[in-house]
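Since the structure is predicted, the reported quantities are computational estimates derived from the model, not experimental observations. Letters A, B, ... are given to chains in the order of the sequence lines, protein chains preceding strands, and every chain is numbered from 1.
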Protein chains: 2
Amino acid sequence: MRLFVFHLRAALFWPSYVEWKACCLSRLLDEGLNRFLARLLLRSELSVAERDAILRLRGRVAEVPRGRELVLPERPVEQAILVIEGLIARFDQMNDGRRQITALHIAGDVSDLHSVPVPVPAWGIEAAANSTIALISHDDIRAAAVKFPALAFAFWRDTVVDASILAKWTANLGRADAATRLAHLLCEIGTRMEVAGVGGRDDFSLGLTQAQLADTLGLTTVHVNRTVMALRNLVGLSFAGGRVQVDNWPALAHIGAYDDGYLMLDKDAAAQEWASIS
Amino acid sequence: MRLFVFHLRAALFWPSYVEWKACCLSRLLDEGLNRFLARLLLRSELSVAERDAILRLRGRVAEVPRGRELVLPERPVEQAILVIEGLIARFDQMNDGRRQITALHIAGDVSDLHSVPVPVPAWGIEAAANSTIALISHDDIRAAAVKFPALAFAFWRDTVVDASILAKWTANLGRADAATRLAHLLCEIGTRMEVAGVGGRDDFSLGLTQAQLADTLGLTTVHVNRTVMALRNLVGLSFAGGRVQVDNWPALAHIGAYDDGYLMLDKDAAAQEWASIS
DNA sequence: CGAATATTTGAAGTGGCTCAAGTCCAGTGG
DNA sequence: CCACTGGACTTGAGCCACTTCAAATATTCG
């Protein structure tokens with residue numbers, strides 16, 4: 001039956017299906033740009049012209065499967081990666097091949113805005129889950145930043161928030177135990193998912209395997225598994241097929257010593273600064 | 001005798017001493033700004049007018065003793081900290097008071113350029129050693145960035161390099177053992193000192209105690225001590241009174257799996273990008 | 001259904017931690 | 001000039017969080 005439907009479609013609607021797909025890709029790009037703009041507006045005040053400059057960016061939409069490497073260390077890049085859907089990871093690799101993930105980017109993030117000012121990264125970027133991305137030319141982003149100083153500041157600000165998150169991860173890797181690290185990460189990603197409008201903090205689709213989680217938390221797969229099971233009992237954590245659900249979110253936040261200040265979600269915090277730009 | 005000299009100075013030269021001091025402070029500021037400019041020029045091409053804008057920045061010079069906290073988490077800041085001499089640390093603090101240092105800044109670094117776009121940091125900043133700093137108003141830096149887009153990019157680029165270093169620390173905390181972490185850190189700081197012109201990579205003044213080193217490496221003081229002693233045998237490391245000397249630097253780099261690519265010292269790497277800005 | 005990937009479990013090993021002294025050294029006051 | 005003090009460094013012994021290795025059991029997907 002399913003086969004029949006497919007044939008029907010292929011036979012009767014092929015030309016219009018191509019159109020539908022082109023239209024769909026364009027829609028996806030717009031969806032991504034809208035998410036990205038919303039992300040910027042969380043922390044930056046932008047005029048109509050400046051918002052338009054973001055929404056008018058063009059890029060190539062692509063679906064990428066888990067594990068696909070998008071950027072390799074020391075290789076120049078000319079496009080920024082806008083995450084439309086899914087999960088993109090920044091990673092560093094040791095000589096023996098072991099990996100450490102140093103950032104995770106969700107829908108609406110541009111995962112290497114860094115490479116606009118520094119086009120040869122020291123890190124790699126891979127799809128951590130099956131994802132939809134758009135590749136946006138650095139030149140276009142740069143042109144927008146030069147034309148609108150407020151956009152340059154918004155981009156700069158975005159990379160600073162990224163660094164703030166990275167600093168928190170560093171602190172946790174250095175000073176927190178496995179349960180705290182896992183709990184903190186789940187709280188953070190949950191919060192970011194909720195803010196991005198793609199899930200609730202206590203119920204979201206992460207798409208990571210436990211092995212990838214291990215690479216993120218600086219642990220082994222085995223120990224991640226044991227820690228997940230411990231949190232299962234402690235806070236009603238369920239982690240199946242990349243879907244994360246938490247019964248007792250406050251308890252999770254307590255175990256993770258989680259305080260979302262470092263995510264810079266408080267728009268007023270930067271208020272005094274906007275005045276002098278616009 | 002020493003007392004006598006002091007009295008003589010105080011009695012006879014007091015008025016001119018004040019002048020001398022003012023002049024000296026101004027000299028120190030200029031020295032710091034020159035170092036900072038040199039740092040920017042490592043990675044960014046700047047016109048004469050843009051260089052001038054940096055050198056004309058004004059700020060208050062201050063001597064700060066080890067341990068002095070300069071910025072506290074969640075507290076708005078209005079000045080950036082330019083390191084003229086010494087060592088400034090960015091840190092995060094756990095609930096139980098244990099610290100993790102997430103960045104070290106040496107002469108010529110501005111240790112919180114981040115707070116220009118994001119004036120409420122999630123981290124703290126302290127003097128890790130007795131240091132000389134200059135406090136430069138965010139407004140002045142921002143004005144320069146708005147007037148000269150190339151400066152905005154240079155600042156942005158500087159925070160991205162900072163993030164690249166942070167990502168490397170994260171990777172090492174997550175995946176490297178104590179000896180590797182220590183060796184890598186010493187290689188990195190040595191390289192940066194050498195580039196900044198304040199020491200050789202195998203002989204420089206760090207100014208950190210082993211306890212602070214522990215907070216940087218995510219270890220305990222005891223274990224840092226044992227690791228230092230191990231490297232003493234392996235590579236002829238001497239670590240006394242904050243002075244670091246290494247007999248066999250290549251061996252240290254090998255133990256630390258050190259590759260300085262992430263420091264973005266290769267000016268040509270960003271070449272393609274300059275064209276489109278200037 | 002079969003192959004590959006992901007999760008779970010057990011048992012033994014170890015790198016780094018904790019706790020507890022003790023030494024070295026620079027600075028301070030008498 | 002010395003005794004005192006506090007900070008930094010060093011050392012030892014026992015312990016534990018996490019790793020390693022090895023294998024069994026889901027789960028996903030073509």
In this structure, how many angstroms lie between the P atom of C/dT7 and the CG atom of A/L206, rounded? 11 Å
Nearest of D/dT10, C/dG16, D/dC9 to any side-chain atom of B/A178? C/dG16
Is B/R181 touching bases, backbone alone, or none of the nucleic acid, heavy atoms closer than 4.0 Å? nothing
Using the closest heavy atom to pick a nucleotide of DNA chain D for each, name whichever of A/G241 or B/T209 lands nearer the 5' end. B/T209
When you check the phosphate oxygens OP1 and OP2 of C/dT7, does a side-chain N or O of A/N225 lie under 4.0 Å from one of them? no
At under 4.0 Å between heavy atoms, what does B/V222 touch on the DNA or RNA strands: base, sugar-phosphate, or nothing? base
Between the base of C/dG15 and the side chain of B/R226, is there any donor-acceptor pair under 3.5 Å? no
Are a donor atom and an acceptor atom from the side chains of A/E188 and A/W169 found within less than 3.5 Å of each other? yes
Whole-Å distance, A/L231 CG to C/dT8 P, equals 13 Å
A/N130 CG - C/dA6 C1' separation (whole Å): 15 Å
Taking only the side-chain nitrogens and oxygens of B/R232, find out if one of them lies under 4.0 Å from OP1 or OP2 of D/dT10. yes
Considering all heavy atoms, the nearest B/V64-B/A127 contact: CG2-CB, 3.8 Å
B/S131 backbone acceptor or donor facing B/E85 side chain under 3.5 Å: no
Check whether any side-chain N or O of B/R90 sits under 3.5 Å from a backbone N or O of B/L104 as a donor-acceptor pair, and report yes or no. no
When the nearest nucleotide of DNA chain D is assigned to B/A240 and to A/R98 on a heavy-atom basis, which residue is associated with the more 5' position? B/A240
Rounding to a whole Å, what distance do you find between A/Q210:CD and C/dA6:P? 11 Å
Whole angstroms only, please: what is the CG-P distance between A/L208 and C/dT7? 10 Å
B/L219 side-chain proximity, nearest of C/dG16, C/dA6, D/dT19: C/dG16
How many Å lie between CZ on A/R66 and P on D/dT28, as a whole number? 12 Å
Euclidean distance, atom NE2 of residue B/H223 to atom C1' of C/dT14 [Å, nearest integer]: 11 Å
A/Q212 side chain to A/A128 main-chain N or O, any donor-acceptor pair under 3.5 Å? yes
Which of these nucleotides, C/dT18, C/dG16, C/dT8, is closest to any side-chain atom of B/T220? C/dT18
So A/R175, base contact, sugar-phosphate only, or nothing? Heavy-atom distance under 4.0 Å. nothing
Whole-Å distance, A/D177 CG to D/dC15 C1', equals 16 Å
